Participant: 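My questions will all concern the structure given below.
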Number of protein chains: 2
Amino acid sequence: MKERKKQYFHPIEVTLDVVCGKWKGVILCLLQEKDYRFGELKDQLFSVTPKVLTQQLRELEEDGLITRTVYPQVPPKVVYSLTPYGKDLEDTLRMMEKWGQSHQQKVGDNFNEEVSEAELS
Amino acid sequence: MKERKKQYFHPIEVTLDVVCGKWKGVILCLLQEKDYRFGELKDQLFSVTPKVLTQQLRELEEDGLITRTVYPQVPPKVVYSLTPYGKDLEDTLRMMEKWGQSHQQKVGDNFNEEVSEAELS
DNA sequence: CTGTATCCGGGCCGATACTG
DNA sequence: CAGTATCGGCCCGGATACAG
C-alpha cells in the first residue's frame, strides 16, 4: 500500500503525509459534520471511483484518523467516522478551508478567464 | 510545469493543492521565521537536490505564496520570502505542526505499549 | 451496497552532470 | 552561488470490469 516509514525533518510533514491524498481533505471535512456510508461519500465526491475511494479510506484508517464500522446485514452497510485524532484536525481543516476560499478568490479571476476553451493555439 | 486548472469541490482542496509538495510544507514553515537564500534552504532541507528545490520554489511562487528576489551581483544572491498570502498560512501551518507532533507521539506510544504491556499484568 | 482485480498513463521526484 | 538539462523509476490515481 503506502509506505510511511520515512524520517521526518519537521513535524508538519507528518500531517501533510497523512492528509495529502487526492480526496482525503474533503473526506475529512465531510466526516467532521457527520458519519458517512461508503455510497454517501461516493455521491458527495461525485467523480471518484470506488477503487480509489477505498484506497483513500483505508489509508486514513491505517493512519488512525477514521474508523470503519461494518453492519452485518444484506445489503451491506459500512459507516465511516472520525477517531479522536481525526476530530483533532477539525480546527486545522477549517483554517485550511478559509485560506483556500480567500486564495481561490484571489486566483479566481484567472480561473474564470479561461473558462472559454478557445485558449490554446 | 504543474497544471492547476481543475475544478474544486471544496475550498480545502485549494490549500492542499498548493501545499502538497514533497518539501513545500517545511519550506513554508522555515520562511515564517525569516527569509532564506537558495543555498540556505538547500542546507536546511539537507537531502533535496537543486532541481527539485527549484521546482518547489517556482510552484510556490506561481501560487503567490512566496517571492523571489534576485540581487544582481557576483556571486549571485537570491532571497525567498513570504507574500502576505504566504504569511496568512502561519497559524494553519503551526496547527498542522502541532497535530503532527502529537500524532507522531501517539504512534510512538503505541510502539512502546506493545513492548511494555506485558510488564503490567 | 460495498467493495476487488487488472491494466496503465502521467507526473512527481531523485540522480547525475553541466552552466553563467 | 544559484540554478538547468537530461534521464528514468515509482507510485498515485483513473478506467473498466467483476464479485459477495
Side-chain angles (χ1 to χ4, degrees), chain A residues 1-10 13 16-27 30-31 35-63 66-81, chain B residues 1-10 13 16-27 30-31 35-63 66-81:
Chain A
M1 271 245 166
K2 193 170 183 180
E3 298 295 332
R4 241 184 270 286
K5 298 184 174 184
K6 65 165 287 195
Q7 287 279 12
Y8 296 108
F9 296 100
H10 197 283
E13 291 179 288
L16 286 173
D17 207 11
V18 145
V19 158
C20 283
K22 181 71 182 297
W23 306 96
K24 290 185 184 177
V26 192
I27 292 173
L30 288 172
L31 289 179
D35 297 350
Y36 274 89
R37 300 180 55 175
F38 184 85
E40 293 174 332
L41 285 173
K42 189 163 156 30
D43 292 343
Q44 292 289 325
L45 299 180
F46 178 60
S47 64
V48 72
T49 61
K51 193 205 91 175
V52 173
L53 179 54
T54 303
Q55 276 181 358
Q56 304 279 302
L57 290 169
R58 290 290 191 279
E59 290 177 8
L60 287 172
E61 196 186 356
E62 289 175 14
D63 288 329
I66 67 175
T67 59
R68 177 172 176 270
T69 310
V70 182
Y71 293 84
Q73 61 188 39
V74 180
K77 175 183 177 182
V78 177
V79 172
Y80 293 91
S81 55
Chain B
M1 272 245 164
K2 194 170 183 180
E3 298 296 329
R4 244 184 268 284
K5 299 185 174 184
K6 65 166 289 194
Q7 287 279 11
Y8 296 109
F9 296 101
H10 195 283
E13 292 179 287
L16 285 173
D17 206 11
V18 146
V19 157
C20 283
K22 180 70 182 297
W23 305 95
K24 290 184 184 175
V26 192
I27 291 172
L30 288 172
L31 289 179
D35 297 350
Y36 275 89
R37 300 180 56 174
F38 184 85
E40 292 173 333
L41 285 173
K42 188 163 156 28
D43 292 342
Q44 291 290 324
L45 299 179
F46 178 62
S47 64
V48 72
T49 63
K51 193 204 92 178
V52 173
L53 179 56
T54 303
Q55 276 181 359
Q56 304 278 303
L57 290 169
R58 289 291 191 279
E59 290 177 8
L60 288 172
E61 196 186 355
E62 288 175 15
D63 288 328
I66 67 176
T67 59
R68 178 174 176 272
T69 309
V70 182
Y71 294 82
Q73 61 187 38
V74 180
K77 174 181 176 183
V78 177
V79 171
Y80 293 90
S81 54

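None of the values given here were measured: they were computed from a predicted structure. The chains referred to below are lettered A, B, ... by the order of the sequence lines, with proteins before strands, and numbering in each begins at 1.
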Participant: Nearest-Å distance, CG (A:L41) to P (C:dT2)?
Facilitator: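 Checked: the CG to P distance equals 9 Å.
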Participant: May I ask you to say what A:K51 touches in the nucleic acid, namely base, sugar-phosphate or nothing, with a heavy-atom cut-off under 4.0 Å?
Facilitator: base
Participant: In whole Å, what is the span from the CD atom of A:E59 to the C1' atom of C:dG3?
Facilitator: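 Answer to the nearest Å: 16 Å.
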Participant: With a 4.0 Å cut-off on heavy atoms, is A:Y80 in touch with a base, just the backbone sugar-phosphate, or nothing at all?
Facilitator: sugar-phosphate
Participant: Tell me whether the side-chain N/O atoms of A:R58 come closer than 4.0 Å to OP1 or OP2 in C:dG3.
Facilitator: yes
Participant: Which one, C:dC1, D:dG13, D:dG3, comes nearest to the side chain of A:Q55?
Facilitator: D:dG13
Participant: Could you give the NZ-to-P distance, from B:K42 to C:dC13, as a whole number of Å?
Facilitator: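 After rounding, the gap between these two atoms is 16 Å.
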Participant: Which heavy atom of B:V78 sits nearest to which heavy atom of B:R68, and what is that distance?
Facilitator: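 Scanning both residues completely, I find the closest heavy atoms to be CG1-CG, 3.7 Å.
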Participant: What is the distance, to the nearest angstrom, from the NZ atom on B:K77 to the P atom on D:dG3?
Facilitator: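 The answer, rounded to whole Å, is 13 Å.
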Participant: How is B:V52 classified with respect to the nucleic acid when contacts are heavy atoms under 4.0 Å: base, sugar-phosphate, or nothing?
Facilitator: base
Participant: Kindly point out which of D:dT4, D:dC1, C:dT2 is positioned nearest to the side chain of B:T54?
Facilitator: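 Ranking D:dT4, D:dC1, C:dT2 by closest atom to the B:T54 side chain puts D:dT4 first.
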Participant: Which atom names give the shortest non-hydrogen contact between B:Y80 and B:I66, and what distance separates them?
Facilitator: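 Smallest interatomic distance, heavy atoms only, reads CD2-CD1, 3.9 Å.
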Participant: Taking all non-hydrogen atoms of both residues into account, name the closest pair between A:R37 and A:P76 and its distance.
Facilitator: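 That closest heavy-atom pairing would be NH2-O, 3.5 Å.
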Participant: Would you say a side-chain N or O of A:R68 is under 4.0 Å from OP1 or OP2 of C:dT2?
Facilitator: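 Checking A:R68 against C:dT2: no side-chain N or O falls below 4.0 Å of OP1 or OP2.
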Participant: Can you tell me how far apart OG1 (A:T54) and CG (A:L41) are? Round to the nearest 0.5 Å.
Facilitator: 10.5 Å
Participant: Round to the nearest Å and state the distance from A:L16 atom CG to C:dC13 atom P.
Facilitator: 11 Å
Participant: Using the C1' atoms of the five pairs at each end, what is the angle between the end axes of the helix from C:dC1-D:dG20 to C:dG20-D:dC1, to 10°?
Facilitator: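 For the helix from C:dC1-D:dG20 to C:dG20-D:dC1, the axes at either end differ by 60°.
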Participant: Between B:R37 and D:dA2, is there a side-chain N or O to OP1/OP2 distance below 4.0 Å?
Facilitator: yes
Participant: Which residue, A:P50 or A:K22, contacts DNA chain D at a nucleotide closer to its 5' end, judged by nearest heavy atom?
Facilitator: A:K22
Participant: Whole Å only: how far is the CD atom of A:E61 from the C1' atom of C:dG3?
Facilitator: 13 Å
Participant: Closest heavy-atom contact between A:V18 and A:K24?
Facilitator: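 Closest pair (atom of A:V18, atom of A:K24, distance): O-CD, 3.4 Å.
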Participant: Using atom CG of A:L53 as one end and atom P of D:dT16 as the other, report the distance to the nearest whole Å.
Facilitator: 18 Å
Participant: Measure across B:K22 and B:Q56 and return the closest heavy-atom pair with its distance rounded to 0.1 Å.
Facilitator: N-OE1, 3.5 Å
Participant: For A:E40, what residues pass the salt bridge (charged side-chain N to carboxylate O under 4.0 Å, His left out) criterion, not counting sequence neighbours?
Facilitator: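 Residues passing salt bridge (charged side-chain N to carboxylate O under 4.0 Å, His left out) with A:E40: A:K34.
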Participant: Can you tell me the distance, in whole Å, between the CD atom of A:Q56 and the C1' atom of C:dT2?
Facilitator: 17 Å
